[in-house]
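Model, not experiment: these values are computed from the prediction. Numbering of ligands and ligand atoms starts at 1, following listing order.
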Amino acid sequence: MAATSKPRRDRDPADIDDLAGLRAAAADCTRCGLYRDATRTVCGAGPAGASAMFVGEQPGDREDLAGEPFVGPAGKLLDRALRDAGIPRDEVYLTNAVKHFKFEQRGKRRIHQRPSVDEIRACRPWLDAELRLVRPNVLVTLGATAARALLGASFRVTRHRGEVLDWEDGLPLVPTVHPSSVLRTPGDGRSEAFDALVADLESVAGALRRHAPS
Ligand code: URA
């Protein structure tokens with residue numbers, strides 16, 4: 001009798017051993033209800049072996065359509081901040097705590113909704129698998145959702161932004177704000193908010209230099 005292979009949706013992310021396999025399996029993910037309305041699963045992008053892994057909240061409208069994280073306005077701002085902080089884009093793996101776009105339809109517009117604790121928890125095995133496969137030297141959380149996913153519900157980004165924290169197994173983790181919060185900052189404050197993001201990323205660059213494999 002021919003061997004039957006497991007449906008991709010039933011694969012345990014912990015058993016997957018490369019990023020291509022992870023993307024294929026995550027495409028069928030039904031671990032929470034968000035797959036019903038989103039166009040597709042949006043996994044991380046960047047090389048296995050990237051030295052820094054950045055974790056955002058969830059794909060936005062543009063990312064949901066393109067199938068790539070951080071390709072919209074927040075991603076463009078992050079690209080500029082990375083460049084100003086001297087972090088080469090090709091050393092970065094960008095992903096999200098939640099891999100489906102959560103939104104409310106208002107007329108023709110899809111309005112971003114914050115993912116729930118249960119949705120973040122349901123998606124965590126995919127993030128853990130990305131961490132295991134990319135093995136970054138430094139982890140960066142962008143905004144409150146990513147920070148809470150990795151550091152717990154009581155963690156406050158505003159209090160610890162830019163600090164190099166010791167995460168699990170001694171992996172350095174730097175929390176900072178989400179680039180979309182810079183975009184939402186009104187008027188003159190925006191360039192100050194951008195500079196503060198760059199200063200946090202300079203702290204990431206310093207951690208990358210200190211933790212570069214010898
Ligand atoms: N915001 C995020 O948190 N992630 C994306 O991929 C895009 C916008």
Side-chain angles (χ1 to χ4, degrees), residues 19 22-23 26-27 29 31-32 34-35 37-47 50 52-83 85 87 89-105 109-124 126-131 133-134 136 138-151 153 155-158 161 173-185 190 193-194 196-198 200-201 204:
L19 288 172
L22 180 122
R23 270 184 212 113
C29 183
R31 285 173 176 262
C32 75
L34 294 182
Y35 75 94
D37 294 327
T39 309
R40 56 174 61 81
T41 312
V42 181
C43 283
M53 182 187 279
F54 283 65
V55 183
E57 182 188 78
Q58 60 163 336
D61 182 72
R62 298 268 190 96
E63 289 78 14
D64 171 78
L65 297 174
E68 287 264 321
F70 286 99
V71 293
K76 303 253 178 315
L77 185 135
L78 180 61
D79 279 348
R80 275 202 293 129
L82 285 168
R83 196 191 53 218
I87 301 175
R89 190 62 184 70
D90 59 2
E91 283 183 23
V92 169
Y93 184 89
L94 279 175
T95 191
N96 285 298
V98 169
K99 311 282 194 254
H100 281 112
F101 179 36
K102 181 175 182 178
F103 62 93
E104 188 186 300
Q105 191 79 47
R109 295 185 63 209
R110 302 193 299 170
I111 310 296
H112 163 276
Q113 300 285 298
R114 191 167 276 180
S116 70
V117 170
D118 285 349
E119 288 154 354
I120 295 166
R121 193 175 299 135
C123 218
R124 179 66 189 264
W126 296 117
L127 183 57
D128 286 341
E130 287 177 302
L131 267 166
L133 296 171
V134 176
V138 177
L139 187 55
V140 183
T141 56
L142 299 169
T145 298
R148 288 185 189 153
L150 293 170
L151 294 156
F155 186 81
R156 294 287 169 267
V157 175
T158 44
R161 61 178 297 182
L173 183 157
V174 182
T176 185
V177 297
H178 196 284
S180 63
S181 73
V182 178
L183 291 173
R184 285 194 305 269
T185 306
R190 186 175 300 175
F194 179 78
L197 173 61
V198 172
D200 291 349
L201 298 189
V204 174

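If you check the side chains of Q58 and H112, you find a donor sitting under 3.5 Å from an acceptor.
Residue-ligand proximity, G56 to ligand 1, at heavy-atom distances under 4.0 Å covers atoms 3 (O). Near P69, the atoms of ligand 1 lying under 4.0 angstrom from a non-hydrogen atom of the residue are 6 (O). Under a 4.0 Å criterion applied to the non-hydrogen atoms of H178, ligand 1 contributes the atoms 1 (N), 2 (C), 3 (O).
In E63, the part holding a heavy atom less than 4.0 Å from any atom of ligand 1 is the side chain.
Going from atom CD of E130 over to atom CG of L19 covers 7.0 Å, rounded to the nearest 0.5 Å. Here the CZ-CG distance, from F103 to D37, works out to 5.0 Å after rounding to the nearest 0.5 Å. A distance of 5.0 Å separates CG in D61 from CZ in F101, rounded to the nearest 0.5 Å.
The N/O atoms of G60, backbone and side chain alike, include none that comes under 3.5 Å of an N/O atom in ligand 1.
Closest to atom 2 (C) of ligand 1 among all protein heavy atoms lies Q58 O, 3.0 Å. Given atom 4 (N) of ligand 1, the protein heavy atom at minimum distance is N96 OD1, 2.7 Å.
For CZ of R114, the number of neighbouring non-hydrogen atoms (other residues, nucleotides, ligands) closer than 6.0 Å is 12 at most.
Salt-bridge formation is detected for the pair D118/R121: a Lys NZ or Arg NE/NH1/NH2 atom is positioned less than 4.0 Å from an Asp or Glu carboxylate oxygen.
Residue R62 places no heavy atom under 4.0 Å from ligand 1.
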